[in-house]
Amino acid sequence: MPTARFQIGDTVMGRWPGSNLYYEVKVLSYDNKTRLYTVIYKDGTELELKESDITSLTVFKQGVTRSRSRSRSRSPGRPRRSRSRSPARTPRRSSSRTTDVHKEKLKEALEVRLTPVEKTETESENQAGGRYNLRRRKDQGDGKTVELEQKTETETLLRTKPPTASAIKTTDLEFGGRVGVFFLMFLLPVAVLALLILCGQKDASLQSFPLELPALESLWDCQVFGIVLLWLLFQAVLSLLPVGKLVEGMPLKNGKTLKYRINGFYALLLTAVAVGVAMYQEVDLSYIHAHFLQFYTSALLIVTLLSIYLFIRSRWASEDELAPGGNSGYIIYDFFMGRELNPRIKNLDIKFFCEMRPGLMGWVLINFVMLQAEMKHQNLENPSPAMLLVNIFQLLWVVDGFWHEEKLLTMMDIVYDGFGFMLTFGDLAFVPFTFTCQAYYLVSHPNELSAFWIITLIIMNGVGYYIFRKANSQKFAFRKNPSDPAVSHLKTIPTATGESLIVSGLWGWVRHPNYLGDIIMGLAWSLPCGFNHLIPYFYLIYLITLLVHRNARDEHQCRKKYGSAWDEYCKAVPFRIFPGIY
Ligand SMILES: NC(=O)C1=CN([C@@H]2O[C@H](COP(=O)(O)OP(=O)(O)OC[C@H]3O[C@@H](n4cnc5c(N)ncnc54)[C@H](OP(=O)(O)O)[C@@H]3O)[C@@H](O)[C@H]2O)C=CC1
Ligand SMILES: CC(C)=CCC[C@@H](C)[C@H]1CC=C2C3=C(CC[C@@]21C)[C@@]1(C)CC[C@H](O)C(C)(C)[C@@H]1CC3
């Protein structure tokens with residue numbers, strides 16, 4: 001019969017789930033069966049904690065004294081900064097320490113488990129799925145923003161030893177599990193090859209299947225392979241240049257943070273200069289158009305080799321360096337999803353680098369190549385308006401991405417997903433070769449645009465961009481500092497974690513306005529190609545599929561994280577991405 005170490009009414013220090021922070025809590029009860037303590041924090045949040053997440057006040061104070069003197073001796077005078085927040089603390093972040101966004105994903109990654117408690121009647125009515133035993137204070141349920149009181153001295157951070165992380169077995173398999181990813185691994189590269197063949201041939205209609213397949217040996221060229229390798233090397237060197245700020249990423253499972261060099265915008269400018277110099281030297285860029293399929297197969301080979309390397313090296317990764325989603329124990333599945341979270345070679349973070357640099361820069365460069373190829377093939381003095389629009393619209397999106405590069409550090413792709421075949425393929429092959437599909441199509445499929453269409457498309461892209469940027473920036477600014485005058489007027493729903501959900505403005509219109517903006521832009525990028533074929537709409541179809549799936553994944557996480565507050569939000573804002581569509 002297990003006995004409780006702490007008694008009802010004891011004041012102890014309880015770990016806040018997903019962090020190394022300890023707060024003063026009172027023990028309310030102990031469940032002999034589950035061996036869990038129900039504790040109450042000063043702000044009224046009730047949680048069930050394991051005994052290992054509770055420390056007596058005396059032990060805690062000794063720990064603090066020891067850890068303080070340790071840290072002082074290591075870095076004298078350096079202020080101690082908290083990496084996570086209490087349920088009752090107003091979010092406060094520095095731009096380089098956006099540590100709270102996506103805490104949920106980390107929460108999952110950490111060992112702390114919140115266990116379900118019985119629902120009250122009203123909660124049961126509201127609750128669609130299971131929930132955690134994170135009870136909101138009664139006075140928070142009225143939908144108004146409640147500024148929760150700050151914790152003071154007990155909030156002291158106990159920078160204990162990193163939690164001893166044991167590898168989390170991935171049990172929830174995505175994409176149809178082992179069989180699904182096995183087929184995807186072959187299907188995706190073949191589908192992209194088919195798309196490129198179709199895009200390049202005169203009759204780009206889907207009915208022209210089976211395609212006139214090119215001879216296998218014509219898909220390979222050593223020189224092209226060398227150029228792709230040089231491109232990757234050039235981008236890697238640019239990414240390591242000591243320009244731009246160094247920022248810390250989200251805290252890892254072991255409590256540490258990694259540093260990232262944010263210099264994508266400079267790298268883009270330097271790449272533009274390098275392309276300018278190459279053109280001045282009369283380097284024939286149309287070579288890329290003429291060997292487009294070979295460039296793709298070279299990229300595919302690099303993707304395969306890189307994925308194998310990543311998988312092999314993950315064998316030596318410590319348990320707390322593994323991604324929660326790529327550790328099922330099934331070789332094929334883990335190879336596809338990626339085992340290691342942040343594979344690095346010295347200062348080069350391979351995932352962060354691949355996610356944007358070679359692919360997005362390559363996209364802009366290929367678009368520009370296609371613009372020149374169009375003039376050459378169609379004997380034009382100037383590029384067509386359709387080609388110009390596609391180039392300018394997409395360039396704007398890429399420039400925006402690099403301008404806000406730092407925000408990538410808080411996204412699920414970096415914080416949560418492993419780096420395996422899926423992302424390697426997505427970043428190095430899918431992005432540069434399918435996102436350029438409209439420009440590639442226009443080279444051999446001219447499409448006249450009337451002034452009316454040109455203006456309509458500019459407005460459409462502008463509206464899409466406005467929604468995309470405003471929604472993303474609003475959310476980012478709000479998460480950084482909800483009292484920021486730019487966002488303080490927004491209505492919010494409080495949640496038990498201390499973070500609130502915006503419920504007015506764009507975020508009160510649909511639950512993912514940033515996705516909507518992206519999709520409107522995707523439409524404006526495809527329409528310049530006209531209505532003769534479906535192929536130029538590939539990006540739009542991909543984007544809608546990806547964002548609908550991403551939306552489902554994100555909402556699942558948010559429901560787990562915010563519980564009934566998320567349901568309240570869903571009630572207040574019933575539409576997911578598209579206004580009028582639930
Ligand atoms: N073109 C492409 O190929 C792709 C483009 N994108 C774009 O990237 C951008 C970022 O997308 P993504 O990373 O998926 O995630 P989101 O920007 O949609 O972030 C989702 C997170 O935002 C927070 N959140 C949700 N609702 C609210 C609310 N009402 N108030 C405050 N916070 C809220 C939650 O995190 P928390 O509460 O924990 O802070 C949630 O987990 C999008 O614009 C998307 O279109 C993404 C993928 C591919
Ligand atoms: C079919 C397949 C294997 C797809 C993989 C999906 C990836 C191509 C995309 C998943 C999320 C992405 C994001 C960007 C690029 C495409 C991928 C990697 C992004 C970095 C582009 C720049 C943007 O500004 C962004 C930061 C919002 C965006 C984030 C997501």
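We count ligands from 1, going down the list as the structure has it; atoms in each ligand are counted the same way. All values derive from a computational prediction rather than experimental measurement. The first residue of the sequence shown is numbered 1, and numbering continues consecutively from there.
Judged purely by atom type and a 3.5 angstrom limit, Glu405 uses its side chain to pair as donor or acceptor with the backbone of Gly264. Listed for the Arg511 side chain is a donor-acceptor partner under 3.5 Å among the backbone atoms of Pro574. Although no hydrogens or angles enter the test, the distance criterion places no donor-acceptor pair under 3.5 Å between the side chain of Asp518 and the main chain of Asn514. Judged purely by atom type and a 3.5 angstrom limit, Lys351 uses its side chain to pair as donor or acceptor with the backbone of Asp417. In this structure a side-chain-to-backbone donor-acceptor pair under 3.5 Å is present from Thr297 to Leu219. When atom types are taken as modelled, the side chain of Asn263 and the backbone of Leu241 share a donor-acceptor pair closer than 3.5 angstrom. Looking at Tyr333, its side chain never comes within 3.5 Å of a backbone N or O of Gly180 through a donor-acceptor pair. Side chain of Thr495 to main chain of Glu499: a donor-acceptor pair is present (N/O by atom type, distance under 3.5 Å, no hydrogens or angles). Although no hydrogens or angles enter the test, the distance criterion places a donor-acceptor pair under 3.5 Å between the side chain of Asn391 and the main chain of Met387.
Arg344 forms a cation-pi arrangement with Tyr260, by the criterion of a distance under 6.0 Å to the ring centre and an angle within 45° of the ring axis. Under a cutoff of 6.0 Å and an axis angle of 45°, Arg178 and Tyr330 form a cation-pi pair.
Aromatic pair Phe402/Phe265: centroids not less than 6.0 angstrom apart. Between Phe175 and His549, the ring center distance clears the sub-6.0 Å criterion. Residues Phe575 and Tyr582 place their aromatic rings such that the two centres sit under 6.0 Å apart. In this structure, the ring of Phe292 has its center less than 6.0 angstrom from the ring center of Phe433.
Interface of Asp413 with ligand 2, defined as ligand atoms under 4.0 Å from a residue heavy atom, comprises 10 (C), 11 (C). Listed by number with element, the atoms of ligand 1 under 4.0 Å from a non-hydrogen atom of Phe468 are 43 (O). Near Trp397, with a cut-off below 4.0 Å to any heavy atom, the atoms of ligand 1 are 1 (N). Atoms of ligand 2 found under 4.0 Å from any heavy atom of Met411 (numbered from 1 in listed order, with element): 29 (C), 30 (C). With ligand atoms numbered from 1 in the order given, ligand 2 contributes 3 (C) to contacts under 4.0 Å with heavy atoms of Met422. Close approach of ligand 2 to Met356 is summarised as follows: ligand atoms under 4.0 Å from at least one heavy atom of the residue are 20 (C). The Glu355 neighbourhood of ligand 2 comprises atoms 18 (C), with distances under 4.0 Å to a heavy atom of that residue. In the vicinity of Asp427, heavy-atom distances shorter than 4.0 Å reach the ligand 2 atoms 18 (C). Proximity to Arg550 (heavy-atom distance under 4.0 Å) selects the following atoms of ligand 2: 11 (C). Residue Leu360 approaches ligand 2 through these ligand atoms, each under 4.0 Å from one of its heavy atoms: 21 (C), 22 (C).
The residue Lys407 has no part lying near ligand 2, judged by heavy-atom distances below 4.0 Å. Contact annotation for Asn472 and ligand 2: no heavy atom of the residue comes within less than 4.0 Å of the ligand. Residue contacts with ligand 1, taken as heavy atom pairs separated by less than 4.0 Å, involve Asp554 solely via side-chain atoms from C-beta onward. Contacts of Leu501 with ligand 1, taken as heavy-atom pairs under 4.0 Å, involve both backbone and side chain. Only side-chain heavy atoms of Val431 come within less than 4.0 Å of ligand 2; its backbone N, CA, C and O stay farther off. At a 4.0 Å heavy-atom cut-off, ligand 2 does not touch Asp400 at all. At a heavy-atom cutoff of 4.0 Å, ligand 2 is contacted by no atom of Arg357, backbone or side chain. Counting heavy atoms closer than 4.0 Å to ligand 2, residue His404 contributes nothing at all.
Within the 4.0 Å heavy-atom shell around ligand 1 one finds Lys561. Residue contact check for ligand 1: Phe476 places no non-hydrogen atom closer than 4.0 Å to it. Every heavy atom of Glu405 sits 4.0 Å or more from the atoms of ligand 2. Distances shorter than 4.0 angstrom do not occur between any heavy atom of Phe402 and any atom of ligand 2.
Among the atoms of Arg479, some N or O lies under 3.5 angstrom from an N or O of ligand 1. Remark: ligand 1 and Leu546 share no N or O pair separated by less than 3.5 Å (distance only, no angle test). Some N or O of Lys475 is nearer than 3.5 Å to an N or O of ligand 1, by distance alone. Considering both main-chain and side-chain atoms, Tyr539 comes within under 3.5 Å of ligand 1 through a nitrogen or oxygen pair. The distance criterion of under 3.5 Å between nitrogen or oxygen atoms is met by Tyr562 with respect to ligand 1. Below 3.5 Å of separation, one finds no N or O of Trp566 facing any N or O of ligand 1.
For atom 9 (C) of ligand 2, the closest non-hydrogen atom on the protein side is Tyr542 OH, 3.7 Å. Here the protein heavy atom with the shortest distance to atom 24 (O) of ligand 2 is Gly401 CA, 3.3 Å. Of the protein's non-hydrogen atoms, the one nearest atom 5 (C) of ligand 2 is Gly426 CA, 3.8 Å. In terms of protein heavy-atom proximity, atom 19 (C) of ligand 2 is closest to Trp397 CH2, 4.5 Å.
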message: Could you go through Tyr542 and Phe435, starting from their C-alpha distance and side-chain angles, then the distance that decides it, and tell me whether this counts as ring-ring contact (aromatic ring centres under 6.0 Å, His included)?
response: CA-CA 10 Å; Tyr542 143 80; Phe435 287 20; 5.4 Å; yes
- request: Walk me through it: do Val431 and Leu360 pass the test side-chain contact (heavy atoms from CB on, under 4.5 Å)?
  value: CA-CA 7 Å; Val431 169; Leu360 291 195; 3.8 Å; yes
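Using a 3.5 Å distance cut-off with no hydrogens or angles, the side chains of Gln394 and Trp525 do not pair a donor with an acceptor. Looking only at atom types and distance, the side chain of Ser314 has no donor-acceptor partner in the side chain of Glu340 under 3.5 Å away.
Of all the listed residues (Ile414, Thr497, Ile502), Ile502 holds the heavy atom that lies closest to atom 29 (N) of ligand 1. Comparing heavy-atom distances from atom 18 (O) of ligand 1 across His512, Gln557, Arg550 singles out His512 as nearest.
Using the six-membered ring where Trp is involved, Trp566 and Tyr562 have ring planes that are parallel, under 30° apart on the 30 and 60° scheme.
Protein heavy atoms are absent from the space less than 4.0 angstrom from atom 14 (C) of ligand 2.
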